[in-house]
Colleague: 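Shown below is the structure under consideration.
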Amino acid sequence: MKYINGIMLKQMIISGANNLFNCYPEVDALNVFPVPDGDTGTNMNLTMSSGSKEIQNRTDEGVYDIAKSFSRGLLMGARGNSGVILSQIFRGFAQSLEGKEKIYAIDLADALVRGKEVAYKAVMKPVEGTILTVIRESSEALRDKVTDKMEIEKAMSILIEEAKSSLERTPELLPVLKEVGVVDSGGAGLLKVFEGFEKAVNGYVVEKSMPTVTDSNPVVGANDEKEEIEFSYITEFVLRLAENPAEEGKKVYVEKRFANVLASHGSKISIAQDGNLLMVHISTLFPGTILSYAQQFGEFARVKIENTTESDENIEVPVKEETKQKEPMKEYALIAVSAGDGLESMFKELNVDIVVSGGQTMNPSTQDFVEAIKKANAKKVFILPNNSNIIMASSQACQVTEEGVEARVIPTKTIPQGLVSCMMFSEEASMDENEEAMTEAIANVKTGQVTYAIKDTSVDGVEVKKDQYIALFGKQIVCCYPDKLKATKEMIAKMIDEMSSIVTIILGEDATDDEGEALASLIQAKHPDVEVEVRRGNQPVYSFIIGVE
């Protein structure tokens, strides 16, 4: 093949997206930290799926038109740091193709190098041994080796081999990868995309192989025991899964993660399976988010959404667009990310206008933040992502705001940081003054979190056993025990010192009030001058979140 036109590029993108979809559980398994989170493979898969959907129905013959649409889809659907970096790679790729109808091997190499350059600029502190290294080394090697008359198949073969070699070297560049014995997950995800591209170039477009669940017993009442929350939309759907069994690693998404994600976005949940049909009922404020997440596992056979707070007599006749009067924009708005009705209430108490549902189990996309900014209807917006893996997506949203709106990210990486940062906000202060005060407050907060391990491993000399409780102080794993209180007490002992004055204990959905009071009593007995507050956050994933000021 001498060149790539728009039709071939579209096939390459679809093939790459499908190849990543088929392999994302194995990419997830490469994650170093054994905690349940919005894993790299999942985030890259959802990002690629968003880009792929954008070009599904396009028939453009020019490569730039396809690349531009694909880049836009990636940008708005980007989730997690890996998804944002992926979107930036193909943003640069598209920029390099501007005005082109078709590209040759040498143009392909130049476009990938441009993608590398844009991706590196998007990361404040680039780390080698990651997806950045893989795109840099593979694209530069291809550019060095490509010739004017090289076939596209040959160029793709070189790219794949160089990407594989680069990926294999990542443990030498990032010590934590070497300690755990894995390669970088983001680089592995990028390689899956490239491999899908190569297959399409060679005449075979990869198709999706849908994950299935082998456990025929229904997973019912995922959160029956927790206090029910009144959500607005009853959402019911039947999802048609693949009939052919998939790898064992893929089935966990319905059994565990699927149920966990649903639990973090609603209540009154039931999940049942009959053959290849999955039936779901959930009460949620975010039916669109639920449906978007579910669609990656199959195709909908039936969908029903009912607004439980609305009756027919309350439905107003729509006003014509030209006569609609938009409410005047307010001066400021705060947007925060959290999961759990208790945490949402805590942020609302601190004058947060919009809480974007998300966190570890599902990272919000750039589009989620764009919509939140629009809904806030303010001239000046601050976003508190409260998770290090969400900062880049929220920052990307700030770059595509409407005219007249200025949005900035306060780089909060934890819930306690977000709460304290909100306390420093003032309606009377300028944008710069607020940003400075809110950012400075982050440095005065220490965060500890207790969650469960998703796999056996060893990190920083700590032996981690699957399903036991991990205590994390910042990014360090302190200990791992079968007893969550024991793990929490050991973590708290490392967090509190003579400079500590306030401790906030936030209880997760699996933590009891008695456990919270036991921890508070322990702290007060050892540190009588420290003020202790116990709040119920009802967050999933983390049994306890501890903030020390």
Side-chain angles (χ1 to χ4, degrees), residues 33 35 125 176 336 338 342-343 346-347 349-350 360 384-388 391 410-426 429 433-451 459-464 468-508 511-537 539 541-549:
F33 260 49
V35 298
K125 295 180 180 179
V176 68
S338 74
L343 284 179
M346 292 170 71
F347 278 110
E349 289 170 11
L350 296 172
Q360 283 298 94
L384 299 101
N386 304 327
N387 187 302
S388 60
I391 292 175
I410 306 298
T412 53
K413 297 179 180 179
T414 67
I415 292 295
Q417 286 183 354
L419 293 169
V420 172
S421 185
C422 284
M423 295 176 189
M424 302 306 297
F425 171 76
S426 171
E433 289 169 339
N434 270 317
E435 183 177 30
E436 182 179 358
M438 294 171 76
T439 303
E440 284 181 356
I442 296 172
N444 299 321
V445 187
K446 293 185 283 189
T447 301
Q449 302 175 106
V450 175
T451 186
V459 181
D460 296 331
V462 178
E463 289 297 321
V464 175
Q468 291 189 2
Y469 290 93
I470 307 171
L472 299 137
F473 179 15
K475 292 185 177 180
Q476 180 186 10
I477 295 180
V478 175
C479 58
C480 180
Y481 297 121
D483 185 340
K484 64 173 177 281
L485 279 181
K486 183 178 179 180
T488 308
K489 290 174 183 177
E490 187 168 322
M491 177 186 71
I492 289 174
K494 292 182 179 293
M495 294 179 67
I496 302 177
D497 55 31
E498 65 276 2
M499 300 297 292
S500 304
S501 58
I502 302 172
V503 176
T504 304
I505 302 171
I506 303 174
L507 307 180
T512 67
D513 293 337
D514 288 343
E515 289 172 332
E517 291 304 323
L519 292 172
S521 297
L522 174 70
I523 295 169
Q524 289 173 330
K526 292 186 176 182
H527 306 277
D529 295 331
V530 172
E531 179 185 339
V532 183
E533 181 181 17
V534 180
R535 298 291 301 268
R536 178 156 287 286
Q539 68 273 4
V541 182
Y542 290 105
S543 302
F544 301 104
I545 299 175
I546 313 290
V548 177
E549 302 169 53

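Throughout, numbering of the chain's residues begins at 1 and tracks the sequence. What's counted below: heavy atoms across the whole structure, side chains too, no hydrogens, waters or symmetry copies. Nothing here was measured: the structure is a model prediction, and the numbers come from that model.
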Colleague: Keeping Ser421 on the side-chain end and Met438 on the backbone end, is there a donor-acceptor pair under 3.5 Å?
Modeller: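 It does hold such a pair.
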Colleague: Measuring from atom CE of Met491 to atom CG of Leu519, what distance do you get when rounded to the nearest 0.5 angstrom?
Modeller: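 Between Met491 CE and Leu519 CG, I get 8.5 Å after rounding to 0.5 Å.
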Colleague: Kindly indicate whether the side chain of Met495, heavy atoms from C-beta on, has any atom under 4.5 Å from the side chain of Ile546.
Modeller: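 Sidechains of Ile546 and Met495: in contact.
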Colleague: Distance from Asn444 atom CG to Met499 atom CE, nearest 0.5 Å?
Modeller: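 CE of Met499 is found 9.5 Å from CG of Asn444.
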Colleague: Are Thr414 and Ile442 close enough, and set up right, to give a side chain to side chain contact (heavy atoms under 4.5 Å, CB included), and what steps lead you there?
Modeller: CA-CA 9 Å; Thr414 67; Ile442 296 172; over 6 Å; no
Colleague: May I ask you to decide if Lys413's main-chain N or O and Gln417's side chain share a donor-acceptor pair within less than 3.5 Å?
Modeller: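 Yes; at least one donor-acceptor contact below 3.5 Å.
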Colleague: Once you round to the nearest 0.5 Å, how far does CD of Glu440 lie from CD1 of Ile410?
Modeller: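 Between Glu440 CD and Ile410 CD1, I get 11.0 Å after rounding to 0.5 Å.
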Colleague: Applying salt bridge (Lys or Arg N to Asp or Glu O under 4.0 Å), name anything that partners Glu435, two or more places apart in sequence or on another chain.
Modeller: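 Salt bridge (Lys or Arg N to Asp or Glu O under 4.0 Å) check on Glu435 returns Arg408.
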Colleague: Suppose we screen for salt bridge (Lys or Arg N to Asp or Glu O under 4.0 Å). Which residues come up paired with Asp514, at least two apart in sequence or across chains?
Modeller: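 Salt bridge (Lys or Arg N to Asp or Glu O under 4.0 Å) check on Asp514 returns nothing, list empty.
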Colleague: Can you tell me if Ser500 uses its side chain to pair, donor with acceptor, with the backbone of Asp497 under 3.5 Å?
Modeller: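 Indeed, once roles are kept as given, a pair shorter than 3.5 Å links the two residues.
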Colleague: Output yes when Glu515 and Lys484 qualify as a salt bridge under the 4.0 Å nitrogen-oxygen rule, no when they do not.
Modeller: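 Yes, this pair counts.
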Colleague: Salt-bridge test for Lys489 and Asp483: reply yes if a basic N is under 4.0 Å from a carboxylate O, no otherwise.
Modeller: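 Salt bridge: no.
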Colleague: Rounded to the nearest 0.5 Å, what separates atom SG in Cys422 from atom CE in Met346?
Modeller: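 Those atoms lie 10.5 Å apart.
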Colleague: More than 12 heavy atoms of other residues, nucleotides or ligands under 6.0 Å from CE of Met424: yes or no?
Modeller: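 Atom CE in Met424 is not packed in, count stays at 12 or less.
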Colleague: Closer than 3.5 angstrom, by distance alone: can the side chain of Arg536 be matched with the main-chain N or O of Ala511 as a donor-acceptor pair?
Modeller: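 Yes, because the side chain of Arg536 sits within donor-acceptor range (under 3.5 Å) of the backbone of Ala511.
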Colleague: Contact between Pro411 and Thr439 at the side-chain level, heavy atoms closer than 4.5 Å - yes or no?
Modeller: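 In contact.
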Colleague: Taking all non-hydrogen atoms of both residues, which atom of Phe347 and which atom of Ser338 are closest, and how far apart?
Modeller: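 Closest approach of Phe347 to Ser338, heavy atoms only: CE1-CB, 3.9 Å.
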Colleague: Is a donor on one side and an acceptor on the other found under 3.5 Å between the side chain of Thr412 and the backbone of Asn386?
Modeller: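 Yes; judged by distance alone, with no hydrogens or angles, the pair exists.
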Colleague: Decide side chain to side chain contact (heavy atoms under 4.5 Å, CB included) for Leu343 and Ile415; before the verdict, give the C-alpha distance in whole Å, the side-chain angles of both, and the deciding distance to 0.1 Å.
Modeller: CA-CA 8 Å; Leu343 284 179; Ile415 292 295; 3.7 Å; yes
Colleague: Given 3.5 Å as the limit, does a donor-acceptor pair link the side chain of Asp529 with the main chain of Ser501, or not?
Modeller: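 No: the side chain of Asp529 does not pair with the backbone of Ser501.
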Colleague: With the side chain counted from C-beta on, respond yes when Leu507 and Val534 share a heavy-atom pair under 4.5 Å apart, and no when they do not.
Modeller: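 Leu507 vs Val534: side chains touch.
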Colleague: May I have the list of side-chain donor-acceptor pairs in residues 468-475 shorter than 3.5 Å, sequence neighbours left out?
Modeller:
none

Colleague: I need the minimum non-hydrogen distance between Ile391 and Pro385, along with the two atoms involved.
Modeller: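 Minimum heavy-atom contact is CG1-CG, 3.6 Å.
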Colleague: Side chain to side chain contact (heavy atoms under 4.5 Å, CB included) between Val548 and Val445: does it pass, once the steps are laid out?
Modeller: CA-CA 6 Å; Val548 177; Val445 187; over 6 Å; no
Colleague: I'd like to check Gln476 versus Val459 (side-chain heavy atoms, cut-off strictly below 4.5 Å). Are they in contact?
Modeller: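 When only atoms from C-beta onward are counted, Val459 and Gln476 do not touch, as no gap falls below 4.5 Å.
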Colleague: Would you say that Ile545 contacts Gln539 through its side chain, given a criterion of any heavy-atom pair below 4.5 Å between the two side chains?
Modeller: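 With C-beta onward as the side chain, the pair touches.
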Colleague: In Å, rounded to the nearest 0.5 Å, how long is the span from CD of Glu436 to CG of Asn434?
Modeller: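 Atom-to-atom, Glu436:CD and Asn434:CG are 10.5 Å apart.
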Colleague: Is there side-chain contact between Leu485 and Phe544, with at least one heavy-atom pair below 4.5 Å?
Modeller: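 They are in side-chain contact.
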Colleague: How far does CD of Glu533 sit from CD1 of Ile502, to the nearest 0.5 angstrom?
Modeller: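 Separation between the atoms: 9.0 Å.
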Colleague: Just wondering, do Ile496 and Ile523 contact through their side chains at under 4.5 Å, heavy atoms?
Modeller: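 Yes, their side chains come closer than 4.5 Å.
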Colleague: List the steps and the verdict of side chain to side chain contact (heavy atoms under 4.5 Å, CB included) for Glu549 and Val420.
Modeller: CA-CA 9 Å; Glu549 302 169 53; Val420 172; 3.6 Å; yes
